[in-house]
Amino acid sequence: MSGVSDSLERIRDDVVVCRACPRLVNWREQVAREKVARFADQEYWGRPVPGWGDPDAAILILGLAPAAHGGNRTGRIFTGDRSGDFLFASLHRTGFANQPTSISVDDGLRVEGMYIAAVNRCAPPANKPTPEERDRCLSYLEREISVFMRLKVIVALGALAWDGGLRALGALGHGVKPRPRFGHLAEVRVGPFVLVGCFHPSQQNTFTGKLTPAMLDQVFDRARELAGR
């Protein structure tokens, strides 16, 4: 898979130096300077956060954007925040990750058969990128999807990731009408891929029971079934 790895590395190199969205550049760098008390002794990444995972992935996990004090701090998506804690505990239970925690880029975490990315690569204020910021960033996702030789399933974490996934696939020539609605465990065939919806593992959803560990495990068990792995 050296060709895939090389292509992903080139995409990563382009992502981490991107300054296309002035509002997001200002915000991510401000957060990295000011920090929060609990991480005051840490050096923040403060740049766009690239995708990461297995070059032989059959499943893509798609989030919305890095968290201000998660991925924007650690440099890896879903790393160092409560959403990541919930997500990787499930990936470990379902056999995709070698450990149940995601703390830092050098914590030894590995995923098998899976790649993890986001619609937007910079942490946005209030976790809300504008439509223009979303669209500027989608080319990275389009490039990633095009690189994988065995990709079959895209798991969208939340409605905005679902929308971003549909937009990226549409730009690659895989449109679908009528536009499918997001829902937990919703499935839609889009060209050669299956898009699967999942409630986002945010504290708002996990603390209220809208998304439980069993519900998240069910999503990844289904993704494995669809991917034939």
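Owing to the predicted nature of the structure, the values given are computational and were not obtained by experimental measurement. Just so it is clear, the values below take in all heavy atoms, side chains as well, and ignore hydrogens, waters and symmetry mates.
- Phe193 places none of its side-chain heavy atoms less than 4.5 Å from the side chain of Leu60.
- Taking the six-membered ring where the residue is Trp, the centroids of Phe88 and Phe78 are separated by 6.0 Å or more.
- Atom NE2 of residue His92 and atom OG1 of residue Thr101 lie 9.0 Å apart, to the nearest 0.5 angstrom.
- Put simply, the side chain of Gln99 gets close to the backbone of Asp107: a donor and an acceptor are under 3.5 Å apart.
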Practice problem: Begin from the C-alpha positions of Thr94 and Asp217 and carry the test side-chain hydrogen bond (donor to acceptor under 3.5 Å, both in side chains) through to its verdict. | Solution: CA-CA 6 Å; Thr94 53; Asp217 292 356; 5.4 Å; no

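- Clustering ILVMFWY residues whenever any of their side-chain heavy atoms sit less than 4.5 angstrom apart, transitively, puts Leu226 in the very cluster that holds Val111.
- At distances below 3.5 Å, at least one donor-acceptor pair connects side-chain atoms of Ser83 with backbone N or O atoms of Pro201.
- The residues Glu43 and Arg73 are annotated as not salt-bridged, no charged nitrogen and carboxylate oxygen being separated by less than 4.0 angstrom.
- In terms of modelled atom types and a separation under 3.5 Å, the side chain of His184 and the main chain of Phe199 share a donor-acceptor contact.
- The pair Arg143-Asp14 counts as a salt bridge, with a side-chain nitrogen and a carboxylate oxygen less than 4.0 angstrom apart.
- Using a cutoff of 4.0 Å between basic side-chain nitrogens and carboxylate oxygens, Asp54 and Arg150 are not scored as salt-bridged.
- A donor-acceptor distance shorter than 3.5 angstrom exists from the side chain of Tyr115 to the backbone of Gly51, with no hydrogens or angles considered.
- Between the OG1 atom in Thr212 and the CG atom in Asn205 there is a gap of 11.0 Å [rounded to 0.5 Å].
- In the hydrophobic clustering of ILVMFWY residues, with side-chain heavy atoms under 4.5 Å counting as a link, Leu24 and Leu138 come out apart.
- Screening Arg10, Arg12, Arg121 for a salt bridge (charged side-chain N to carboxylate O under 4.0 Å, His left out) involving Glu144 leaves a single residue, Arg121.
- Here CG of Asn120 is found 7.0 Å from SG of Cys21. Values are rounded to the nearest 0.5 Å.
- With respect to the salt-bridge test (charged N to carboxylate O, under 4.0 angstrom), the residues Arg179 and Asp163 qualify.
- One finds no salt bridge joining Glu142 and Arg167 here, because no Lys/Arg side-chain nitrogen approaches an Asp/Glu carboxylate oxygen to under 4.0 Å.
- Checked by atom type and distance alone, the side chain of Thr74 pairs as donor or acceptor with a backbone atom of Thr79 at under 3.5 Å.
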Practice problem: Go through Arg76 and Trp45 one step at a time and tell me if the side-chain contact (heavy atoms from CB on, under 4.5 Å) criterion holds. | Solution: CA-CA 9 Å; Arg76 191 171 71 192; Trp45 170 253; over 6 Å; no

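- A salt bridge is absent between Glu133 and Arg136: the closest approach of a Lys/Arg side-chain nitrogen to an acidic carboxylate oxygen does not fall below 4.0 angstrom.
- Panel note: side chain Trp162, backbone Pro180; a donor-acceptor pair is recorded below 3.5 Å.
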